[in-house]
Amino acid sequence: AALAVLAHGMVRVSAQAPRAEGFWTRRILAPRRAQAMRQILPDGLSLLAGSVRAGSSLAQGLGVLAGQAPEPLRGESRRILDEQASGRDLDLALAALGDRYRLPELDLALAGIRLSRKAGSDMAGLLDEASALCRARLDMGRKLKALASQGVMSAWVMALLPPVLLGAITVVDPSFSEPLFHTAPG
């Protein structure tokens, strides 16, 4: 019976390990990876636009990204190329990339790539516009974060200023603050 309990305990531990790994991946690693993708996406789109403008196909441009872009864009470009080499449609591979990251900037760029491939429009110009939009969104996010931090700091200063001044006045000349503590109006 003890062996069965031991075996049951071991099964329980091993059954919980995948849940812990899934939690770690979903809650910690995936947001970090998405943030890294958001930061490098404008440069990657510019690199892809330059490659397409130079006369390369989209697949060749993805090959340039797979060789020169920082992670996670490098790995994702390799993954798309590998999926395409194994027979998967490029549009499906690009859609899977969007599903993995769920970034509005990436979704916009991927939709533009799909439309450009179908309509035959200027893909390099579209990629440049998507890159500029991504940069503008990143800049706006940084400005918003700075303004929010500034507001928080102002709130702390305004909250702490009265007690600190009262303490300083009490130390310098206790007779100034004495009416606040020892009279009815105070």
Side-chain angles (χ1 to χ4, degrees), residues 15-153 155:
Q16 289 176 350
R19 278 189 260 148
E21 180 182 325
F23 174 81
W24 176 260
T25 302
R26 277 191 317 275
R27 298 290 181 167
I28 295 171
L29 295 181
R32 287 182 187 172
R33 193 165 171 86
Q35 184 61 29
M37 178 65 92
R38 179 177 279 128
Q39 296 296 322
I40 63 170
L41 187 60
D43 294 333
L45 290 174
S46 293
L47 183 63
L48 186 58
S51 178
V52 169
R53 188 175 296 110
S56 300
S57 68
L58 181 60
Q60 290 169 332
L62 288 171
V64 170
L65 282 179
Q68 296 180 8
E71 286 295 334
L73 191 56
R74 176 187 305 150
E76 292 296 340
S77 299
R78 285 183 187 147
R79 185 173 181 172
I80 290 171
L81 290 173
D82 289 344
E83 288 176 1
Q84 190 180 15
S86 67
R88 188 171 191 188
D89 184 41
L90 182 60
D91 287 336
L92 292 175
L94 292 173
L97 172 65
D99 290 341
R100 281 193 295 274
Y101 283 93
R102 295 188 180 127
L103 295 174
E105 302 92 345
L106 181 60
D107 290 340
L108 178 72
L110 294 176
I113 289 171
R114 278 187 237 118
L115 284 172
S116 178
R117 289 186 65 215
K118 287 188 183 4
S121 63
D122 179 27
M123 188 177 296
L126 183 130
L127 291 170
D128 282 333
E129 289 294 324
S131 175
L133 179 68
C134 290
R135 279 193 180 90
R137 284 182 60 107
L138 282 173
D139 289 344
M140 187 62 67
R142 288 183 192 120
K143 288 177 186 176
L144 185 62
K145 190 174 181 179
L147 289 173
S149 298
Q150 204 172 20
V152 168
M153 183 56 71

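Distance CD/Q35 to CG/L103: 8.5 Å, rounded to 0.5 Å. The CD atom of Q84 sits 8.5 Å away from the CG atom of L94 when rounded to the nearest 0.5 Å. Of the inter-residue distances, the one linking L48 atom CG with S77 atom OG reads 8.0 Å to the nearest 0.5 angstrom. Between L45 atom CG and E129 atom CD the span is 11.5 Å, to the nearest 0.5 Å.
Put simply, the side chain of E71 does not reach to within 4.5 Å of the side chain of M37, judged on heavy atoms. For the pair S116 and D122, the minimum side-chain heavy-atom distance is 4.5 Å or more. You'll find the side chain of D91 reaches within 4.5 Å of the side chain of K118, heavy atoms only.
S56 places no side-chain N or O within donor-acceptor distance of the main-chain N or O of V52, the cut-off being under 3.5 Å. Judged by distance alone, the side chain of S131 and the main-chain N or O of L127 form no donor-acceptor pair under 3.5 Å. Checked by atom type and distance alone, the side chain of S149 pairs as donor or acceptor with a backbone atom of K145 at under 3.5 Å.
In terms of heavy-atom proximity, A66 sits nearest to L81 at CB-CD1, 4.1 Å.
Y101 and R38 are not linked by any side-chain donor-acceptor pair at a separation below 3.5 angstrom, with hydrogens and angles left out of the test.
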